[in-house]
Amino acid sequence: MSARPIDEPHRAASQLELLFDLVFVVAVAAATAQFAHRIGEGHALTGLAGFLQVFFAIWWAWMNFTWFASSYDTDDVAYRLLTMVQMAGVLVLAAGAPATAVADYRAVTVGYLIMRIGLVAQWVRAGVEDPARRRTAFRYATGISVLQAGWVGWLVLSETGVLSPVTQPALFVALVAVELAVPRWAERMTATTWHPHHIAERYGLFTIILLGESLLAATTGVRGALEAAEISGSFITIAVSGLVLLFAAWWLYFLEPAGHGLSDRRDGSYLWGYGHFGIFAALAALGASLEVAVEYTGHHLHVSPLVISYAVAVSVGVFLVLLWLVQVPIVARPVLRPGVVLGCATFVFLLPLATPLTGVAVVIAGIAAACALPVAFTVTAERRRGICHE
């Protein structure tokens, strides 16, 4: 196993990576469905905490494999088999996602343990067969192993009641912080040879997966309303606005080609990569929120209209702000202008206050219109700039 070149031409996602992503579709769908259920029950805040915990596990597992594969994808038999072990762990994690609603993290932890066995084996193999980056690979293997032992310990202490309701989330956050520090610590020795355009493509593909999950979640809500024969003006407004929101999110995300920025400013990759946790989580939460909003038009849900409006608004607002912020470390002049993004996000955050007067449908329509504006503004500005350069 030797490191792949940083400047390898025409580097693209492999068929195995696409299969790996397909497994994550199941995991994301399970987490999103659980969060939508919690919002519909009127427990949005408590549901959000559980959703972020499970989504971190999903995102971090995907991250670990993606960056490793960008450097060491040899596509031989051993590599494929160890990757498939990680896929099996993801499926176990997905199966255990619904149980997290009652604070049962056993299946999720077991799934993570299976994934980590495959990943550690990959890093050990890289350390043995790539002498130039041996210390880096072994640091990764050591850090991941120690952290996995920490997660198992966290589960045992939680199940036995040793951790109080306060210390349990605090220890979870501490373990997350150490997880995020492992790559930085490992790469201090010798940096791995991840490919900037390959990484940008992989993140773009995961973004499309999340948008697809949002479409699926919204479709679930539409199907429920159709089965209840509750087709109203509000239903149509929310359904159309949801499509506009997802189309606008896709357009905004792919306005800025990240590959060139990552190539020019590799040191900015940490903030860019880690910042995507919020972007990905916001897109997944948007799907759950839209599902609840559509269902609200045809069913009696134990949730206030204001909560639904804020669930959509916060998801969209966080996505907009973080999308601009992750571009700052890698692009000298981001396509998305800060004034436009912050103005739009502020409007989106304030719009739910009008819910008692206008209703959920009008608020979501306003949010969709607000997201379409930066798309139109940015596309027009870039076109004018191109004409001036000509």
For the residue pair Val312 and Leu286, establish whether any side-chain heavy-atom pair is separated by less than 4.5 Å. yes
Do Leu91 and Val85 share a hydrophobic cluster (ILVMFWY, side-chain heavy atoms under 4.5 Å, transitive)? no
Quick one: do the His197 and Glu201 side chains pair a donor with an acceptor below 3.5 Å? no
Can you find a heavy atom in the side chain of Phe254 that is under 4.5 Å from one in the side chain of Ile208? yes
Search all heavy atoms of Asp7 against all heavy atoms of His195 and return the closest pair with its distance. C-NE2, 4.0 Å
Which atoms form the tightest heavy-atom contact between Val348 and Gly317, and what is the distance? CG1-N, 4.1 Å
Nearest heavy atoms of Ala27 and Ile58, plus distance in Å: O-CD1, 3.5 Å
When the ring centroid of Trp62 is compared with that of Tyr203, is the distance short of 6.0 Å? yes
Is the backbone of Arg266 close enough, under 3.5 Å, to the side chain of Ser269 for a donor and an acceptor to pair up by distance? yes
Give the C-alpha distance, both sets of side-chain angles, the deciding distance and a yes or no for side chain to side chain contact (heavy atoms under 4.5 Å, CB included) between Ser289 and Ile39. CA-CA 8 Å; Ser289 304; Ile39 295 174; 4.1 Å; yes
In terms of heavy-atom contacts, Ile199 and Trp272 come closest through CG2-CZ3, 3.7 Å
Say you draw a straight line from CD1 of Ile117 to CD1 of Ile144; how long is it, rounded to the nearest 0.5 Å? 12.5 Å
Trace of the side chain to side chain contact (heavy atoms under 4.5 Å, CB included) decision for Phe24 with Phe206: CA-CA 9 Å; Phe24 276 85; Phe206 201 73; 4.1 Å; yes
Side chains of Val26 and Val90: closer than 4.5 Å at any heavy-atom pair? no
Any donor-acceptor pair under 3.5 Å linking the side chain of Arg134 with the backbone of Gly127? yes
Establish whether Val176 and Leu171 are linked, either directly or via other cluster members, by ILVMFWY side-chain heavy-atom contacts under 4.5 Å. yes
Within a strict 4.5 Å, meaning less than it, do heavy atoms of the Arg125 and Thr74 side chains meet? yes
Taking all heavy atoms of Ala282 and all of Ser315, pick out the closest pair and write down the distance. CB-O, 3.4 Å
Shared hydrophobic cluster, Leu175 / Val146 (ILVMFWY, side-chain heavy atoms < 4.5 Å): no
Checking side-chain contact (heavy atoms from CB on, under 4.5 Å) between His198 and each of Arg4, Glu17, Glu8, which is the one that passes? Glu17
State, yes or no, whether a side-chain contact exists between Ile6 and Pro196 at a heavy-atom distance under 4.5 Å. yes
Thr237 and Ile364, any side-chain heavy atoms less than 4.5 Å apart: no
Should Tyr79 and Asp76 be marked as a side chain to side chain contact (heavy atoms under 4.5 Å, CB included) after you check the CA-CA gap, both sets of side-chain angles, and the distance that decides it? CA-CA 5 Å; Tyr79 178 85; Asp76 56 11; 3.0 Å; yes
Between OG1 of Thr207 and CZ of Phe280, what distance do you get to the nearest 0.5 Å? 4.0 Å
Measure from the ring center of Phe56 to the ring center of Trp59 and say whether it is less than 6.0 Å. yes
Are Phe347 and Val362 connected, step by step, through hydrophobic side chains (Ile, Leu, Val, Met, Phe, Trp, Tyr) whose heavy atoms are closer than 4.5 Å? no
With a cut-off of 6.0 Å (strictly less than), are more than 12 heavy atoms of other residues, nucleotides or ligands near CH2 of Trp251? no
Gln168 side chain to Leu163 main-chain N or O, any donor-acceptor pair under 3.5 Å? no
OG1 of Thr190 to CZ of Arg139, rounded to nearest 0.5 Å, is 9.5 Å
Any side-chain heavy atom of Trp324 sitting closer than 4.5 Å to one from Arg337? no
Can Val156 be reached from Tyr112 by stepping across I, L, V, M, F, W or Y side chains whose heavy atoms are under 4.5 Å apart? no
Hey, what do you get for CZ (Arg184) to OH (Tyr274), rounding to the nearest 0.5 Å? 8.5 Å
Taking all non-hydrogen atoms of both residues into account, name the closest pair between Ala137 and Trp123 and its distance. CB-O, 3.5 Å
Do side-chain atoms of Ser71 reach the backbone of Trp194 as a donor and acceptor pair under 3.5 angstrom? yes
Consider side-chain contact (heavy atoms from CB on, under 4.5 Å). Of Thr355, Leu357, Leu350, which one does Leu353 pass it with? Leu350
Leu342 backbone acceptor or donor facing Thr346 side chain under 3.5 Å: yes
Is the Phe277 ring parallel, tilted or perpendicular to the Phe55 ring (thresholds 30°, 60°)? tilted
Distance-only donor-acceptor check, side chains Arg133 and Thr192, under 3.5 Å: no
Please check: side-chain N/O of Thr378 versus main-chain N/O of Leu336, any donor-acceptor pairing under 3.5 Å? no
Give, for atom CG of Leu16 and atom CG of Asp73, the distance between the pair rounded to the nearest 0.5 Å. 7.0 Å
Ring centres under 6.0 Å, that's the criterion: do Trp151 and Phe172 meet it? yes
Begin from the C-alpha positions of Asn64 and Arg116 and carry the test side chain to side chain contact (heavy atoms under 4.5 Å, CB included) through to its verdict. CA-CA 9 Å; Asn64 284 177; Arg116 287 302 182 76; 3.8 Å; yes
For the backbone of Ala191 and the side chain of Thr136, can you confirm whether one donor and one acceptor N or O come within less than 3.5 Å of each other? no
Below 4.5 Å, heavy atoms only, C-beta onward: do Tyr105 and Trp154 meet side chain to side chain? yes
Point-to-point distance, once rounded to the nearest 0.5 Å, from CG of Leu252 to CZ of Phe319: 6.0 Å
